[in-house]
Structure formats: structure tokens, C-alpha cells
Amino acid sequence: MSSSQLLMPRSLNKRPSTVPSLSSNTRGHQVYIETFGCQMNEYDTELLRALLKERGFRFTAQGEEADVVLFNTCAIRENAHNRLYGHLAEFKRAKQERGVVIGVLGCMAQNLKKDLLEERPFIDVLVGPDGYRRLPDLLTDALESHKRGMAVDLSESETYDDIVPDRTEGINGWIAVMRGCDNFCSFCVVPYTRGRERSRDPKGILEEARRLADQGVRQITLLGQNVNSYHYDQWDFANLLVGVADISGIQRVRFTSPHPKDFPPALIEAVAQHPHVCRHIHLPLQSGNDRILERMGRSYTQADYLYLVEAIQRKGPIALTTDIICGFCGETEQEFQDTMHVMRSVEFQAAFVFKYSERKHTIAARKYPDDVSDPVKGQRANRLVEWQKRVSAKKNRSLTGRSVEVLVEGHSKKSQSQWMGHSESNVTVVWDRSETPCPVGSLVSIIVDDASPSTLFGHLVPADS
Ligand code: SAH
Ligand code: SF4
Ligand code: F3S
């Protein structure tokens, strides 16, 4: 058997005999899917599409044409829940008028389970992140027999390794390399919605990356709730990252989200040295105060975090971005100042700032009162956002007159006469179209003329200069 045969995933086209065939009645039903939340959910939607397509379902981008409306949901903060309820209300009418089948999938389905089904009788199907293989059958039952159903058991082994995701074309692709999380940070719902940590066989991952490269993908993002705790036999995350970055045709590899506790020197080295691994690390801090970090169950102190940042920065310019939670249980102004202190000393390229949102079932919800008022959370968040805007603007402006390497992604959102792409640090770059062609998926050099906190504006350096 050749090595390429060994690496081939099981073909989706050959339906195992155990899978019941779909009645002609259901074949061809149109499905509309809306995806909320993180990139992992985007990836899961690609898996769902593959599973449904294989069973004869078709897809529509218009909710009003659909026979089945699916929401792949997020539960990370309360506003994620509220967004879903808004959308559900819209489709409840479609259910009354046209009898569409409504399915809620993903993290919220897993988190709320029966409550959601009981509180909202117009939901037909509820499927958590480990139950997607059951979705086609549950939808068939709902369409043919008006049966309601749910699949919300978590699995210790499901990685969907044999499913070839059904992706839309483009130069960006993502691959889930591990699923679940065992960290149980006290604020976070993910260990409850996604279950225990499990890593995929690297053979399947590398095969998927090669297939993406063959399809024209130039940038791959490796995904996991705790991506750098990936391990499979002798493989750790650094090996995997290098393995994917070595694949011919792949220009850039990124990864998200890593946890600061799993950063061995080999991983820093891979980011610093490998020509196809982007010199950018998203390194969620959450808080800069030791008492709050301890309450959060993050397993590092401010000093540990800063030590890691220093180790990274010793390797030359590597962009750092972060996530911060403001107003976690008991956070005082003084403790918030410690977060501000880390922001000042590190000067991140970008920061995603969230107000703490209590999640049912989590350790924090059980142990600590959510006692920082909403206005104080908001005010702290605004102070961080304002600070970060100034730092991002300063960093971006410091590039004026310098050349940055950009992966061409297409027209800018605002104008057909401009191109758009991202720098290695993941900053959006926009430049005017000129006579010189900029093929989508190519790497070009752009001289920066101007900058805002989030965007670099520039002009193309002709290839022969
Ligand atoms: N696995 C990643 C986090 C994924 S969730 C990590 O460990 O960093 C993305 C971000 O959402 C988190 O980094 C955190 O900043 C934020 N977040 C998670 N739970 C939250 C909550 N209950 N309230 C507010 N923000 C939260
Ligand atoms: Fe949530 Fe912590 Fe796991 Fe990230 S590492 S997904 S914050 S529990
Ligand atoms: Fe949301 Fe689940 Fe992702 S809670 S952030 S969709 S892992």
C-alpha cells in the first residue's frame, strides 16, 4: 500500500450499509444554515454540510426558501444567547406559515439541552457538537413524521476525522486539530459544551491540509479550544504546526486559540523560524492580576505571562494579540489596574475585550458572586479599548514608509478599485489597484503610506523593484 493510500480518509461517497437510505420525499430538501461564534463553529458547519449533502440535502443562502433552518450556535457570553433568540423569533413565523423544520445546533444546544426544547416548542431538533452524525436522521424524522429529537451526548473520542468538510472556495482554510477542553477556567462554558479534550490523528490532519493546498488554499488556520495542548502519540503541537507549514503550496499557517500554559520553546521556535508560520501569536491574558487569575483557574501568574512574552520577544518581532475579561467576580479597581499594567508593558497589536458574563454551570457561577456592576464592567472595558486603539494606531503608523508582506485576498470591502489582504501580524492592508496584477492568493509587498488602528493603507511595490 502506498503512503498516500494509507493517508486517505474514508470516502464520504461510499455510504456505509448501516446508514438508512433517505426516502425520495426527503431527498433534495433545502437547508439554510446560520453560524454564530468562533472559527471552530465555522469549521463544524463545513462538517455538517458534508454530512447533510451525503444524505441528499441541498443548501440555500435564502432563509425564506428553506425547508430546514439550522442555527449553529455559541454560548460563550449572554449576548450570544440573545442573538440566537432574536433570529429564532424571525423563523418562528416561517414555521407557522410554511412548516419549516427548525434545528438548534452547537454549543447552546449542548448547554441548554432540554430547557431549550421545552421553552421553545417550535424547535424540532437539538444537536450538540458531538452529535452531528445523527443530524440527517433527526431531520428526516422531523420532516417526514414531525418528530422532535435531540442528540446531546458528549463523546470522549468523536473527532469527525473521516469527514471531508464541505467548504466554500477561497484561499483561507481552517482545520480543527483537537476538540474539547479540559482546562475548566472558572468563567468558561466551553468544557461543558464541547466536552473532554481529544486530538485528531496527524495523518488525517496532514491529508486535509494537502487537500486544501490542492484546492488553492494558501493560508491555513489550525483550530482547537486549547490548540497547543494538541498531542497524539509522539506528536505535539509544534511538530504538527511544522508538518502543516511544510506542505507545498501553503504560504501561511496560523493557529487559535493557544493557552499560555502550553508554550514549550519548540513552539516559539516554530513561530520564529519557520518561513510559513506567521510571526503572530494570539495569547489570551484574561487578567493581569494574580488573585483574579487564580480565581479564573488560569494556572499562570502575571509574572509567568510576562516571562513568556519576553521569551517570545527575544526571537525578534512577533505580533501578540490577546483576550481580556473585565469585571470578573470580585475584581477591584486596583486589580483591574494590574491588567492595564500588562497592556502597557506588552503593547499588544490588538486586544479583544469582553465584559464578564456569568455562565450557568461554570465554577465561577457556583463559587463567586457576579458582583461587579455592569456599568463598571463597561467602563473598564472602554478604558482598555481606548488604550488599545492608541497602541494599535501607534504600531501601525510606525510602519509608514516600510514594506509589509501581504497575502492578496480580493477586493476591499469598500471599493472595487482597491485590493485587500492581511499582513503576517494579521492586520488588514488595503491598496489601490494598478496595472500590476495582484493574483488572489499571491504574496505581495506593500509600502505603507498611512494607517488607522485597524488598517494599513499603502501602494504596491512592483515585483521587479
Ligand atoms: N480557549 C481560549 C478561549 C476561547 S473563548 C482560551 O483559553 O483563551 C474566547 C474568549 O472569550 C476568551 O479568551 C475570553 O476572553 C472570552 N470569554 C470566555 N468566557 C467568557 C465569559 N464567561 N464572559 C466574558 N468573556 C468570556
Ligand atoms: Fe475556556 Fe479556558 Fe478552555 Fe479556553 S482554555 S476554552 S477559556 S476553559
Ligand atoms: Fe462559542 Fe462554542 Fe466557540 S461557546 S466561542 S461556539 S466553542
Side-chain angles (χ1 to χ4, degrees), residues 34-45 48 71-81 83-84 104-112 127-130 154 174 176-198 222-230 237 255-263 281-288 292-293 295-300 305 308 320-329 331 339 348 350-366 368 370 372 374 377-378 380-381 384:
E34 229 170 278
T35 307
F36 303 86
C38 61
Q39 281 175 310
M40 184 69 108
N41 256 17
E42 299 284 345
Y43 180 85
D44 281 358
T45 292
L48 287 162
F71 297 98
N72 195 4
T73 61
C74 172
I76 202 83
R77 286 171 288 275
E78 195 55 31
N79 55 8
H81 279 213
R83 277 185 69 202
L84 174 74
V104 176
L105 320 175
C107 290
M108 237 176 114
Q110 189 66 42
N111 199 28
L112 300 180
V127 182
D130 288 345
L154 287 171
W174 36 65
V177 302
M178 54 84 70
R179 300 177 75 89
C181 181
D182 287 349
N183 285 340
F184 288 91
C185 300
S186 67
F187 53 81
C188 184
V189 78
V190 169
Y192 308 90
T193 65
R194 295 262 170 187
R196 299 291 55 77
E197 226 169 82
R198 61 219 101 119
L222 302 181
L223 301 176
Q225 269 78 38
N226 191 13
V227 70
N228 51 337
S229 74
Y230 174 89
F237 185 65
F255 55 94
T256 196
S257 271
H259 192 293
K261 77 177 169 54
D262 296 315
F263 251 96
I281 299 175
H282 183 65
L283 198 62
L285 168 67
Q286 314 302 2
S287 165
I292 296 296
L293 284 168
R295 280 193 151 197
M296 286 178 162
R298 288 294 285 181
S299 71
Y300 53 84
Y305 187 92
L308 175 60
L320 293 174
T321 54
T322 199
D323 290 345
I324 307 281
I325 297 179
C326 286
F328 183 67
C329 312
E331 185 190 68
T339 303
F348 294 101
F352 300 90
V353 178
F354 307 104
K355 292 193 287 180
Y356 171 59
S357 168
E358 186 178 88
R359 313 313 297 135
K360 256 193 213 159
H361 312 307
T362 56
I363 298 164
R366 282 180 268 139
Y368 312 117
D370 177 13
V372 177
D374 195 59
K377 286 178 185 170
R380 288 180 190 165
L384 290 185

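Remember, it's 1-based here, ligands and their atoms both numbered in the order they're listed.
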*Asks:* Give a yes-or-no answer on whether the side chains of N72 and T45 include a donor-acceptor pair shorter than 3.5 Å.
*Replies:* yes
*Asks:* Any idea which atoms of ligand 2 are less than 4.0 Å away from a heavy-atom of F187?
*Replies:*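 Counting atoms of ligand 2 from 1, those under 4.0 Å from F187 are 7 (S).
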*Asks:* Looking only at side-chain N and O atoms, does Q39 offer a donor or acceptor that is under 3.5 Å from a partner on T256?
*Replies:* no
*Asks:* I324 and T339: side chain to side chain contact (heavy atoms under 4.5 Å, CB included), yes or no, with the steps?
*Replies:* CA-CA 8 Å; I324 307 281; T339 303; 3.7 Å; yes
*Asks:* What protein N/O/S atoms are there under 2.8 Å from atom 1 (Fe) of ligand 3, waters excluded?
*Replies:*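 Correct list: C74 SG.
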*Asks:* Tell me whether R295 forms a cation-pi arrangement with Y368, defined as NZ or CZ under 6.0 Å from the six-membered ring centre and within 45 degrees of its axis.
*Replies:*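 Yes.
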*Asks:* Begin from the C-alpha positions of I363 and F184 and carry the test side chain to side chain contact (heavy atoms under 4.5 Å, CB included) through to its verdict.
*Replies:* CA-CA 8 Å; I363 298 164; F184 288 91; 4.0 Å; yes
*Asks:* Got a donor-acceptor contact below 3.5 angstrom from the T362 side chain to the C188 backbone?
*Replies:*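 Not confirmed, T362 side chain does not pair with C188 backbone.
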*Asks:* Closer than 4.0 Å to some heavy atom of Q225 - which atoms of ligand 3 meet that?
*Replies:*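 Listed by number with element, the hits are 7 (S).
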*Asks:* Return yes if some donor-acceptor pair links the side-chain N/O of Y356 with the main-chain N/O of F187 below 3.5 Å, else return no.
*Replies:*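 Not confirmed, Y356 side chain does not pair with F187 backbone.
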*Asks:* Backbone N or O of T193 within a donor-acceptor pair of the N111 side chain at under 3.5 Å?
*Replies:*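 Looks like no, no N/O pair under 3.5 Å.
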*Asks:* Dump the pairs for me: ligand 1 N or O, protein N or O, distance under 3.5 Å, to 0.1 Å.
*Replies:*
residue	atom	partner	partner atom	Å
ligand 1	1 (N)	Q225	O	2.5
ligand 1	7 (O)	R298	NH1	3.3
ligand 1	11 (O)	R77	NH1	3.0
ligand 1	13 (O)	Q286	NE2	2.8
ligand 1	13 (O)	D323	OD2	2.6
ligand 1	15 (O)	Q286	OE1	2.7
ligand 1	17 (N)	R77	NH1	3.4
ligand 1	22 (N)	F187	O	3.0
ligand 1	22 (N)	S357	O	2.8
ligand 1	23 (N)	S357	N	3.0
ligand 1	25 (N)	R77	NH1	3.4

*Asks:* Checking side chain to side chain contact (heavy atoms under 4.5 Å, CB included) for the pair S257/Q225: CA distance, chi angles, key distance, verdict?
*Replies:* CA-CA 6 Å; S257 271; Q225 269 78 38; over 6 Å; no
*Asks:* May I ask you to identify, for R298, whether its side chain, its backbone, both or neither come under 4.0 Å of ligand 2 on a heavy-atom basis?
*Replies:*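 Looking at R298 and ligand 2, just side chain atoms fall under 4.0 Å.
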*Asks:* Would you mind listing every salt bridge (charged side-chain N to carboxylate O under 4.0 Å, His left out) that reaches into residues 179-190, with sequence neighbours excluded?
*Replies:* D44-R179, D182-R196
*Asks:* If we ignore hydrogens and angles and just use 3.5 Å, is the side chain of T73 paired with the main-chain N or O of M108 as donor and acceptor?
*Replies:*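 Yes.
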*Asks:* After noting the C-alpha distance and the side-chain angles of Q286 and C185, does the key distance pass the side chain to side chain contact (heavy atoms under 4.5 Å, CB included) rule?
*Replies:* CA-CA 10 Å; Q286 314 302 2; C185 300; over 6 Å; no
*Asks:* Under 2.8 Å from atom 3 (Fe) of ligand 2, which protein N, O or S atoms do you find? Ignore water molecules.
*Replies:*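 You should have found C181 SG.
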*Asks:* Compare all side-chain heavy atoms of D370 with those of K377 and state whether any distance is below 4.5 angstrom.
*Replies:* yes
*Asks:* Atom CZ of residue position R77 - does it have more than 12 heavy atoms of other residues, nucleotides or ligands inside 6.0 Å?
*Replies:*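 Counting neighbours around CZ of R77, more than 12 heavy atoms of other residues, nucleotides or ligands fall under 6.0 Å, so yes.
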